[in-house]
Amino acid sequence: MEKGRLGRTNLIVTKMGWGGIPIQRVGEHEAVSVIRAVVEMGVDLLDTARAYTNSEHRIGLALQTIDRPVILSSKSLVRTAKIYNEVHESLKQMKVKKINIYHLHGVSNFEDYTRVMAPGGAYEGLKRARDEGLIDHIGITSHSLNVLERAIEDDHFEVIMACYSFLEPEAAEKVFPLAKGKDIGMLAMKPFSGGVIEETGPALRFVLSTANIVPIPGSETLERAHENWKIFTEGYSLTDKDKERIEAIKKEFDRQFCRRCDYCQPCTEKINIQFVVGLKSIIKRFGPGAQEVGWMKALIEKARNCSECGECLERCPYQLPIPDLIKENLAWYDSLKNQ
Ligand code: SF4
Ligand code: SF4
């Protein structure tokens, strides 16, 4: 089983970590069994977030029954120095004294980035937590490659987390080489593009065969956890058949898949377009009750202000019919209330 050094954190981790979004979808008992199994198989790094509802709590329950040390990674959407209180909450939920990596979660644009890095911003709160020994390393996660490039150039972070899959391979061109050059640890989220890719073999082998990164596929069932582990341990070079499937799936999604690049921004109504365009898969991944999560509801309500001005259409390099997709997804979301 391949292990490697996570950049300048000097943490040694299995080349495959684990992501804590999917375990929100299942019952507590099953979630705890999956986390235990994943760690017992050999996975070293568990990633979660304050925003993933019960995920930190469930990891905390599982850790009570696990003997070997694991590397924990969590994150918060809070943008001010009050993120320090979020670190305390994460520690409480996971019942630990220290979290190895804590990220600024989903810093989506330069405005957001300036805010977190300003005096009184979230970066300051995380530095305080690090100085007090509550966390070891500060990271940043973003769906925007431009933000990650800037963060790497500014060199304040020890770890970055980028979206990476064969449907969203762009990080491999610029972000990963830049981060490697500065010895920054690299975590790769969404190897299945947020549940869009259903063929796990080619998807996982694609990300695992990329050098220097640690992908963090999640799993909500034991079956899925074992399947991912089998792919990881049995060698993950892409086969000719994988390459064929990847090309076929890419063609299939070409005109409907949001790459979360944010080139469509800024929206005149300040709508988080990539969130609303990807709403169905996000809610599917978060599981029952996701539509009641506060931060999601706020983004959804904001999307109702779409004036159909069409400005975003000109900017989307993939020609996605954004206003239509927003309308369609809001109608789908509203229909959930009647189910
Ligand atoms: S069409 Fe809607 S989503 Fe696009 S820029 Fe205008 S208001 Fe924003
Ligand atoms: S809608 Fe288009 S431009 Fe906007 S994030 Fe998605 S792919 Fe990028």
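Remember, it's 1-based here, ligands and their atoms both numbered in the order they're listed.
Within the 4.5 Å cutoff, the side chain of Glu170 has no heavy atoms near those of the Tyr164 side chain.
For the residue pair Ser165 and Ser193, a side-chain donor N or O sits within less than 3.5 Å of a side-chain acceptor on the partner. Between the side chains of Thr53 and Gln24, at least one donor N or O sits under 3.5 Å from an acceptor N or O.
Of the listed options Ile326, Val276, Asn305, Ile326 places a heavy atom closest to atom 3 (S) of ligand 1.
Residue-ligand proximity, Ser307 to ligand 1, at heavy-atom distances under 4.0 Å covers atoms 7 (S). Of all atoms in ligand 1, numbered sequentially from 1 with element shown, those under 4.0 Å from a heavy atom of Cys267 are 3 (S), 5 (S), 7 (S), 8 (Fe). Counting the atoms of ligand 1 from 1 in the order shown, those under 4.0 Å from a heavy atom of Glu269 are 7 (S). Taking a cut-off of under 4.0 Å to the non-hydrogen atoms of Pro323, the atoms of ligand 1 that pass are 1 (S).
Protein heavy atom at the shortest distance from atom 4 (Fe) of ligand 1 is Cys312 SG, 2.3 Å. Summary of contacts: the protein heavy atom closest to atom 2 (Fe) of ligand 1 is Cys306 SG, 2.4 Å.
In this structure Asp155 satisfies the side chain to side chain donor-acceptor pair (under 3.5 Å) test together with Arg8, sequence neighbours excluded.
At a cut-off of 2.8 Å, Cys309 is not counted among the residues with an N, O or S atom near atom 2 (Fe) of ligand 1.
Closer than 2.8 Å to atom 6 (Fe) of ligand 2 sit the protein N, O or S atoms Cys258 SG.
With salt bridges taken as basic N to acidic carboxylate O contacts below 4.0 Å, none links Glu244 and Lys241. Using a 4.0 Å cut-off between charged nitrogen and carboxylate oxygen, Arg224 and Glu220 do not count as a salt-bridge pair. Between Lys15 and Asp44, no side-chain nitrogen of the basic residue sits less than 4.0 Å from a carboxylate oxygen of the acidic one, so the salt-bridge criterion is not met. Salt-bridge annotation for Glu301 and Arg304: present, with a side-chain N of the basic residue lying under 4.0 Å from a carboxylate O of the acidic one.
Exactly one of Glu124, Lys127, Glu132 qualifies for a side chain to side chain donor-acceptor pair (under 3.5 Å) with Tyr84. That residue is Glu132.
By the 30° and 60° cut-offs, the orientation of the rings of Tyr52 relative to His105 is perpendicular.
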